[in-house]
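Data first, discussion second: the structure below is written as structure tokens.
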Number of protein chains: 2
Amino acid sequence: MKEPENQSRYPLGGRIWIDGPEGTYLAYGRVVLMERIREHGSISAAARSMNMSYRHAWELVESMNKQSLNPVVIKRTGGKGGGGAVLTKAGENAINCFWAAYHDFQKYLAKYSKRLDL
Amino acid sequence: MKEPENQSRYPLGGRIWIDGPEGTYLAYGRVVLMERIREHGSISAAARSMNMSYRHAWELVESMNKQSLNPVVIKRTGGKGGGGAVLTKAGENAINCFWAAYHDFQKYLAKYSKRLDL
DNA sequence: TACCGTTATTCCCTGCCGTATATTACGCTC
DNA sequence: GAGCGTAATATACGGCAGGGAATAACGGTA
């Protein structure tokens with residue numbers, strides 16, 4: 001049995017995202033951010049955990065909430081512990097939806113890389 | 001017959017490229033640049049035609065040539081008309097190869113957009 | 001009421017990417 | 001040899017996205 005000629009010396013690379021009414025709605029970093037918010041319970045802790053500035057993280061959450069019918073993250077300001085943020089059902093769904101597309105896409109890339117004839 | 005629920009209010013977006021030994025080898029702009037070089041016969045004219053700085057265009061050509069077994073563009077310096085650049089067979093092949101992947105990917109995006117359940 | 005840590009918001013600063021500009025090298029034609 | 005327009009290369013400039021710092025608002029808790 002012969003080895004395949006093209007062992008992806010020129011692999012196909014790529015990235016995907018989900019567009020919304022005002023530009024990017026979901027993308028890799030945004031989804032990871034939501035997971036971290038779910039894990040840590042606040043935007044600031046989530047941002048710290050992934051070496052992202054709080055400002056940037058806040059803007060991403062704002063952008064996602066604005067573009068989805070139901071907010072993906074509920075923000076509480078003040079109160080016990082100063083406040084926090086929790087992921088909603090809509091957020092969970094968005095995460096699952098994006099990862100599904102993401103993994104499918106990764107398989108697509110790997111598959112097509114083998115078909116590339118350069 | 002019912003209309004499909006999801007008319008891509010949240011379409012899947014994305015971009016692809018082909019990696020080489022030193023990073024990006026082929027991508028949308030690079031391939032268009034090669035086509036313009038084939039059309040105009042010089043890097044500078046090609047760059048002008050697509051509002052790209054000559055420097056940037058030159059670097060892209062250099063990067064592609066360095067990463068491919070056979071150069072995709074032959075550069076002539078001096079001589080009639082001051083010189084010029086011509087696309088090689090390898091360049092033609094690279095163009096065809098990328099567009100094939102590109103168009104397949106566009107279909108993939110359109111198809112998956114309909115499957116997205118948000 | 002004072003405290004606390006978060007959200008919310010503004011301002012400044014820096015690094016990076018690509019552009020613009022300028023200069024030199026090149027080699028064919030006249 | 002002079003002229004031409006390109007390739008080749010270095011330097012300086014500008015815009016802008018993202019980061020950092022600073023500050024105010026918030027609302028439970030002790």
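Throughout, a chain's letter reflects where its sequence line sits, starting with A, and its residues are numbered from 1.
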Hey, does the side chain of B:S44 come within less than 4.0 Å of D:dA7's phosphate (OP1/OP2), counting only N and O?
yes

OP1 or OP2 of C:dT7 less than 4.0 angstrom from a side-chain nitrogen or oxygen of A:W58, does that happen here?
no

Could you state the atom-to-atom distance from CD1 of B:I43 to P of C:dC26 in whole Å?
17 Å

C:dC26 phosphate, OP1 or OP2: any side-chain N/O from B:T77 under 4.0 angstrom?
no

Interatomic distance where CZ belongs to A:R76 and P belongs to D:dC26 [whole Å]:
16 Å

Consider only side-chain N and O atoms of B:D104 and A:Y108, and report whether a donor and an acceptor are under 3.5 Å apart.
yes

Would a line drawn from the ring center of B:Y28 to the ring center of B:W99 be shorter than 6.0 Å?
yes

Between D:dC13 atom P and B:H56 atom NE2, what is the distance in whole Å?
22 Å

Applying side chain to side chain contact (heavy atoms under 4.5 Å, CB included) to A:C97 and B:D117, what does each step give before you reach the verdict?
CA-CA 7 Å; A:C97 203; B:D117 50 343; 3.7 Å; yes

Expressed as a whole number of angstroms, how long is the span from A:H40:NE2 to C:dT7:P?
13 Å

Base D:dG20 paired with A:R55 side chain (donor-acceptor, <3.5 Å):
yes

Per nearest nucleotide of DNA chain C, the residue lying toward the 5' end, A:A85 or B:N51, is A:A85

Contact under 4.0 Å: B:S42 side-chain N or O vs D:dG5 OP1/OP2
no

Starting at atom CG of A:L33, determine the distance to atom P of D:dG18, rounded to an integer number of angstrom.
14 Å

Rounded to the nearest angstrom, tell me the gap between atom OH in B:Y54 and atom C1' in D:dA10.
13 Å

Test item: side-chain donor near acceptor, A:R30 and A:T24, under 3.5 Å:
no

Out of C:dT7, D:dA7, C:dA20, which nucleotide sits closest to the side chain of B:S53?
C:dA20

Between A:L60 (CG) and D:dG18 (C1'), how many Å, whole number?
11 Å

Rounded distance (Å) that lies between atom P of D:dG5 and atom CZ of B:R48
11 Å

Any A:K80 side-chain N or O less than 4.0 Å from OP1/OP2 of C:dG5
no

With side chains defined as the heavy atoms from C-beta onward, is the minimum distance between B:M34 and B:E92 less than 4.5 Å?
no

